[in-house]
Amino acid sequence: EKNEKILEENIKLKKEKILILKEAKEIGERLRTLEKINKDQEKKLNENIAIDFFDDEIENLIIKNICKAKNELCIAVGWFTSDKIIAELEKLKDSGIKIRIIVDDNEYNLNKMNNLIKVSNQLKFVNLGNKNHMHHKYCIIDDLKVINGSYNWTNNARNSLENITIIKSRKIVKKFKKNFEGIIKKY
């Protein structure tokens, strides 16, 4: 009977040991999963973000950056009359770049309508009524970076005090793209 009790105790201890080993294995697997999730989160947090500010030679900087496009430009600007930028867009469209443009529905843009139609795959005039304007001034390049600032893409803007920032961040670009698609859809 003493041997039976010892045997039962050993069996019970072995079963407990097996359960503990199974739990340890599960805990290890959960820990590895959490470590992977943590690494993924760190990658997202440590995304390379580059932000540059410019207040001089803005039109040339816009042209330099849009000419680097490989796939698509999404442009939302209140006033778009810059002959230099329109000429560059025409070349880009001819080379196969998809160009989508949103502009305010105003007389200046309407005067350039034929040019804007010619250089775009999609053109949207936004009329908010009541003297309100589609007042954005940004351009998304290949869903990789965005040009944003006070600069309207006009012939006169190069004579004004203006600025742009160029932001390279997929997270921020995604927000601009959501805004762009929202305007396309809503108006």
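Numbers here simply count residues along the sequence, with the first being 1. This structure is a prediction, so every number in the text was calculated from the model and none was measured.
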Let me see the working for W79 and H135 under side chain to side chain contact (heavy atoms under 4.5 Å, CB included), right down to the final yes or no.
CA-CA 8 Å; W79 288 259; H135 208 253; 3.4 Å; yes
Steps toward side chain to side chain contact (heavy atoms under 4.5 Å, CB included) verdict (Y151, R158)
CA-CA 8 Å; Y151 193 86; R158 64 181 81 106; 3.8 Å; yes
Considering all heavy atoms, the nearest [X]-[Y] contact:
X    : Y    : result
K145 : I166 : CD-CG2, 4.1 Å
E59  : T154 : OE2-O, 4.4 Å
I85  : I66  : CG2-CD1, 4.1 Å
S120 : I101 : CB-CD1, 3.7 Å
H136 : I183 : CD2-CD1, 3.5 Å
C67  : E88  : SG-OE1, 3.4 Å

Within the supplied structure, the quantity of interest is the number of heavy atoms (other residues, nucleotides, ligands) at a distance under 6.0 Å from Y108 OH; does it exceed 12?
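12 or below, so no.
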Can you establish whether the number of heavy atoms outside L19 located under 6.0 Å from its atom CG is more than 12?
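For L19, atom CG is crowded (more than 12 foreign heavy atoms under 6.0 Å).
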Inter-residue atom distance [X].[atom1] - [Y].[atom2], 0.5 Å rounding:
X    : Y    : atom1 : atom2 : answer
I102 : L116 : CD1   : CG    : 12.5 Å
N109 : M134 : CG    : CE    : 8.0 Å
I97  : N121 : CD1   : CG    : 10.0 Å
R100 : F180 : CZ    : CZ    : 5.0 Å
K14  : K17  : NZ    : NZ    : 8.5 Å
N48  : R170 : CG    : CZ    : 11.0 Å

Any donor and acceptor pair, going by atom type alone, linking the side chain of [X] with main-chain N or O of [Y] inside 3.5 Å?
X    : Y    : answer
N155 : T81  : yes
D55  : L161 : no
N111 : E107 : yes
D142 : E72  : yes
K177 : D143 : no
S82  : W153 : no
K93  : K118 : yes

Salt-bridge test for [X] and [Y]: reply yes if a basic N is under 4.0 Å from a carboxylate O, no otherwise.
X    : Y   : answer
K64  : E57 : no
K168 : D52 : no
K5   : E8  : no

Evaluate the side chain to side chain contact (heavy atoms under 4.5 Å, CB included) criterion for residues L110 and F125: first the C-alpha distance (whole Å), next the side-chain angles of each, then the deciding distance (0.1 Å), finally the verdict.
CA-CA 9 Å; L110 291 172; F125 283 84; 3.7 Å; yes
Side-chain heavy atoms nearer than 4.5 Å, only ILVMFWY residues, links allowed to pass through others: does that put [X] and [Y] together?
X    : Y    : value
I49  : L144 : no
I184 : V146 : yes
I63  : F80  : yes
I140 : V103 : no
I62  : I86  : yes

Audit row: Y138, N179, side chain to side chain contact (heavy atoms under 4.5 Å, CB included) steps and yes/no
CA-CA 11 Å; Y138 65 79; N179 175 265; 2.5 Å; yes
